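Worksheet: the structure to be examined is printed underneath.
Residue numbers count from 1 along this sequence. All figures in this text were calculated on a predicted structure; none of them were measured in a lab. We use all heavy atoms of the structure for the numbers below, so side chains are in, but hydrogens, waters and symmetry mates are not.
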Amino acid sequence: MKNTLRLILFLVILSACNAHQPVRSAYNLPEFTQLESWSNLKSPQIDSFKILHTGAVKVPLKGMLNIEKLPENHGMDEMIWVDVFAYLFHHKTKGWYLIDTGLDSSFQDNGNIKGLLASNYIKESRQQKGENIGSQLKRENKDIKGIFLTHLHGDHTAGLPEINPCIPKYVGSGEEYLYLPTFYHSNHLSEKDSLKEISWEYAEVIKPLEKVVDIFGDQSFFAISTPGHSNSHTSYLLNTSSGLILLTGDASHTKYGFENNIEPGWITDQQQAENSLSQLISFMQMYPETRVIYGHQK
């Protein structure tokens, strides 16, 4: 009898998980010009870039950094506050785009991530009135053409309930969206949403980066495969009129982790996480004029 009840419970949870999964389709890559070196980029087409601070969350240090690699006297608390951002940029001919979504107004209270396991990740949140992504986008009054996501963890998708669901959303191919009834769930995505997946199958190797996709085909905006923190995590490189901007996403949550070559504590694959971070650090060392913005720290 117990085994039967467990099976029924498993099937109910599985059914609910599947019912809340977004529809996925391939992103059709445009034709692009082969790039052999980052020193030979075409003239930048991105003429505006803005960081939108949407609040902060309190999380375990052991999630942000692999604590086994920290020195004994690191001086950091077991729980730390980290900022949550979204990024707005403008392409001269293609329009306005968003990278990640920040937090919606529910984070002025307890947020929109629920379940028995939710507090293992986010302990508290804080947000000033008007900081939520919906309010900021209303003030910006931009016609957003698409949303590029570094990955589908809750703190990067939590602004979606306040954003027009018809806006196309892009993510690394196969990136997992976690929806576990009772345990960990949100209202960020459902079967009513669609995701366009960026395939790494035809990605270029442009040293020191191993898999790079030229999103618009004009060397203005690149997706970089950086798995490890999540199974298909994506970092982004923008070729802007102010210079190169590297968004590490959660391949490196913090400046400390980046400068000390310490990968996140929350990972799906240790070796991939180390390799992804190493690539980004190598890129910065080769092109030190690049502005680096970390997953939860400017």
Is any side-chain heavy atom of Met79 less than 4.5 Å from a side-chain heavy atom of Pro60? yes

Mind checking what makes side-chain hydrogen bond (donor to acceptor under 3.5 Å, both in side chains) contact with Gln297, not counting sequence neighbours? none

Centre-to-centre under 6.0 Å for Tyr170 and Tyr27, is that the case here? yes

Give a yes or no on whether the backbone of Phe107 and the side-chain of Ser125 come within a donor-acceptor separation of less than 3.5 Å. yes

Do the side chain of Lys138 and the main chain of Gly134 share a donor and acceptor less than 3.5 angstrom apart? no

Exam field: side chain Asn239 to backbone Gln219, donor-acceptor pair closer than 3.5 Å: yes

N/O donor-acceptor pair under 3.5 Å between Trp200 side chain and Gly172 backbone: no

Which residue, Val23, Leu149, Leu160, forms the side chain to side chain contact (heavy atoms under 4.5 Å, CB included) with Leu189? Leu160

Basic-acidic side-chain contact under 4.0 Å: Glu78, Lys62: no

Name all pairs fulfilling the salt bridge (charged side-chain N to carboxylate O under 4.0 Å, His left out) condition that reach into residues 32-47, sequence neighbours left out, sorted by first residue then second. none

Under the ring-ring contact (aromatic ring centres under 6.0 Å, His included) criterion, do Phe216 and Tyr97 qualify, and how do the steps go? CA-CA 12 Å; Phe216 297 135; Tyr97 289 85; 5.2 Å; yes

So do His151 and Thr234 actually touch side chain to side chain, heavy atoms under 4.5 Å? no

Flag the pair Pro208 / Met286 as yes when at least one side-chain heavy-atom distance between them is below 4.5 Å, and no otherwise. yes

Within a radius of less than 6.0 Å around CD of Gln128, do more than 12 heavy atoms belonging to other residues, nucleotides or ligands occur? no

With a 4.5 Å cut-off on side-chain heavy atoms, are Leu237 and Ile245 touching? no

Report yes if the side chains of Ser241 and Phe49 come closer than 4.5 Å at any heavy-atom pair, otherwise no. no

Candidate list Tyr87, Phe221, Phe222, test ring pair (Phe, Tyr, Trp, His ring centres under 6.0 Å), partner Phe148, passing option: Phe221

For Ser135 and Asn132, which I'm curious about, is there any donor-acceptor pair between the side chains at under 3.5 Å? yes

Non-hydrogen side-chain atoms of Lys94 and Lys145 separated by less than 4.5 Å: no

Just say parallel, tilted or perpendicular for the rings of His253 and His229, cut-offs at 30° and 60°. perpendicular

Do Pro22 and Tyr177 have side chains that approach each other closer than 4.5 Å (heavy atoms only, starting at C-beta)? yes

Test of ring centre spacing under 6.0 Å for His153 and His188: no

Taking the side chain as every heavy atom from C-beta outward, state whether Arg291 and Met284 have any atom pair closer than 4.5 Å. no

Looking at Trp96, is its backbone amide N or carbonyl O close enough to the side chain of Asp143 to form a donor-acceptor pair, meaning the two atoms are under 3.5 Å apart? no

Short question: side chain of Lys142, backbone of Glu140 - any donor-acceptor pair under 3.5 Å? yes

If you measure only the distance, is there a donor-acceptor pair under 3.5 Å linking the side chains of Glu131 and Gln136? no

Pairwise salt bridge (charged side-chain N to carboxylate O under 4.0 Å, His left out) hits with a residue in residues 250-273, at least two apart: Lys69-Glu263, Lys255-Glu259

Quiz question: by atom type and distance under 3.5 Å, do the side chains of His233 and Glu175 form a donor-acceptor pair? no

Any sub-3.5 Å donor-acceptor pair from Asn260's side-chain atoms to Gly257's backbone N or O? no

Do Ile215 and Ile293 share a hydrophobic cluster (ILVMFWY, side-chain heavy atoms under 4.5 Å, transitive)? yes

